[in-house]
Amino acid sequence: MYALVDGNNFYVSCERVFRPALQGRPVIVLSNNDGCAISRSNEAKELGIAMGAPWFQIQQDPSLRDAGILALSANFCLYGDMSNRMMSIAAGLGPEQEIYSIDESFVGVAGVRDLTRRARTVRDRILQWTGLPCGIGIGATKTLAKLANHVAKSADRRPGSYPAEFARVANLAELPASDLDAVLAATKLGEVWGIGRRIGAQLQAEGLHSALDVARLDAAMVRRRWSVVLERTVRELQGQPCIAFEDVAPAKKEIACTRSFGRPITALHDLVEAVSEFAARAAEKLRRQASNAGQVLVFVHTSPFRRQDRQYSKSITVPLRRPTADTALLTASAVRGLHAIYQPGYKLAKAGVMLLDLQDAQVEQGELDLDDPGADRGRLMAAVDAINVRHGRGAVKLASVGTAGSARRWTMRQDLRTPDYTTRWSDLPQARA
DNA sequence: TCTGGGGTCCTAGGACCC
DNA sequence: TCTGGGGTCCTAGGACCC
């Protein structure tokens with residue numbers, strides 16, 4: 001049995017903790033480059049602002065302007081720190097926890113007594129201790145817990161959509177079968193975890209509309225006609241656990257750092273800076289999980305939205321002589337790849353570096369090293385990481401990422417950013433009497 | 001003018017092997 | 001007239017998630 005603890009409108013809620021004046025107003029948080037809406041307050045949702053709606057279009061809409069829509073640049077340092085606080089409280093709900101995303105965690109609750117009341121306590125505690133509102137859904141499988149969470153939030157936001165007792169905390173696990181069916185029947189199949197736009201449309205075309213319709217499908221038939229993935233979803237809806245609980249996060253199999261530029265970029269030297277920066281960031285993540293990369297992929301492309309421009313999109317995978325987590329080696333390979341795919345004359349909108357073929361750094365092929373006898377780059381990298389943790393990102397870096405004198409024209413726009421209230425001494429909020 | 005970033009898994013088809 | 005069977009590995013693309 002599982003509980004899913006999920007923050008409401010998470011990024012917006014994080015911002016509201018430190019700016020209470022935003023309560024009750026239509027607020028959105030924007031993606032990098034202030035591109036599109038990635039988190040919306042309930043008020044913003046009511047105004048019809050879609051997930052992923054471009055900010056420049058929202059700004060052009062007079063009715064949204066009149067409604068006083070307020071946008072903020074994403075502040076991921078803040079959200080990550082607030083997430084840690086929420087997660088550590090949510091962990092108190094049961095013996096094991098899987099942190100599924102920045103705002104969601106599954107908690108194994110088998111054997112927990114007085115579960116519904118306890119979940120309400122944890123929900124209130126998260127709100128009181130962090131200021132973040134959340135919903136908790138409980139079900140026999142992860143898919144049912146997800147669905148229960150949807151029920152908890154809907155019953156809270158739109159009275160009448162589900163029975164009021166489910167508001168904020170919905171425990172579907174202790175429901176009689178007929179009551180569970182009624183909840184599934186009231187839930188559109190598109191709300192089910194694992195059913196996206198494409199599969200959802202195919203199921204609708206078959207005359208299926210609710211989660212209950214999907215739960216009643218024959219699992220073997222679903223496997224034949226669709227896939228084992230959808231089969232698992234069907235079985236999970238039927239109460240049979242098929243999706244493993246992962247209380248220790250498995251190591252990533254690939255690590256990426258990709259960014260849209262703040263403005264179109266054409267010059268190679270700007271791209272070298274950007275790609276060097278992305279490679280360094282990716283390498284930091286790589287070392288954090290104690291892996292080495294066997295290959296580096298680098299890509300660039302123009303903006304697919306600018307139909308009037310000549311389009312260009314190219315990537316290349318550069319194999320490394322041996323797996324490494326050394327920023328200098330990874331950066332050199334990424335930049336070599338960049339030179340190979342660069343074509344002048346295009347207005348490039350985005351570039352990225354991906355580290356592939358990741359393997360445990362402990363498992364290294366023994367080798368007679370004639371090139372580089374005695375060099376211990378691992379210790380060098382550890383020292384660089386330690387300095388950057390202590391003195392801030394980029395305190396020690398390769399010169400190719402751009403020095404004080406370079407323009408760094410490619411960096412992203414963030415015009416509406418709030419302070420790092422919880423992770424930077426100089427940004428600490430001040431309380432006034 | 002202005003449209004995010006970072007992942008995972010599965011499947012089909014081709015290349016290749018004996 | 002008549003042209004096997006079984007298997008692995010890799011890649012690209014699709015679909016999904018937040």
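A note on names: the letters A, B, ... follow the listed sequences, proteins ahead of strands, and every chain is numbered from 1.
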ask   = Between A:Ser400 and A:Ser276, is any side-chain donor less than 3.5 angstrom from a side-chain acceptor?
value = yes
request  = Kindly assign one of parallel, tilted or perpendicular to the pair A:Phe106 and A:Tyr2, based on the angle between their ring planes and the thresholds 30° and 60°.
outcome  = perpendicular
message = Is there a side-chain contact between A:Ser101 and the phosphate of C:dC17, meaning an N or O under 4.0 Å from OP1 or OP2?
response = no
remark   = Ranking A:Asn32 and A:Gln60 by the position along DNA chain B of their nearest nucleotide, the one closer to 5' is A:Gln60
query = Quick one: is A:Lys350 getting a side-chain N or O under 4.0 Å of the B:dG5 phosphate, OP1 or OP2?
reply = yes
query = What's the closest nucleotide to the A:Ile38 side chain, out of B:dT1, B:dG5, B:dG4?
reply = B:dG4
query = Side-chain N or O of A:Arg232 less than 4.0 angstrom from OP1 or OP2 on B:dC10?
reply = yes
message = Please compare A:Ala251 and A:Ser227 by the position of their nearest nucleotide in DNA chain B and report the one closer to 5'.
response = A:Ala251
key: Interatomic distance where CE belongs to A:Met51 and C1' belongs to B:dG5 [whole Å]   = 12 Å
task = Nearest whole angstrom, please: distance from the C1' of C:dG14 to the CH2 of A:Trp226.
result = 16 Å
query = Is a donor on one side and an acceptor on the other found under 3.5 Å between the side chain of A:Arg65 and the backbone of A:Gln59?
reply = yes
request  = Using only side-chain N and O atoms of A:Ser260, determine if any of them is under 4.0 Å from OP1 or OP2 of B:dT3.
outcome  = no
ask   = Does NZ or CZ of A:Arg409 lie under 6.0 Å from the centre of the six-membered ring of A:Phe261, at an angle within 45° of the ring axis?
value = no
Separation of atom CZ in A:Arg198 from atom P in B:dT11, rounded to whole Å = 17 Å
key: Residue A:Trp193, side-chain atoms from C-beta onward, closest of C:dC18, B:dG6, B:dG7   = C:dC18
task = Report yes if a side-chain nitrogen or oxygen of A:Arg413 is closer than 4.0 Å to either non-bridging phosphate oxygen (OP1 or OP2) of B:dT1; otherwise report no.
result = no
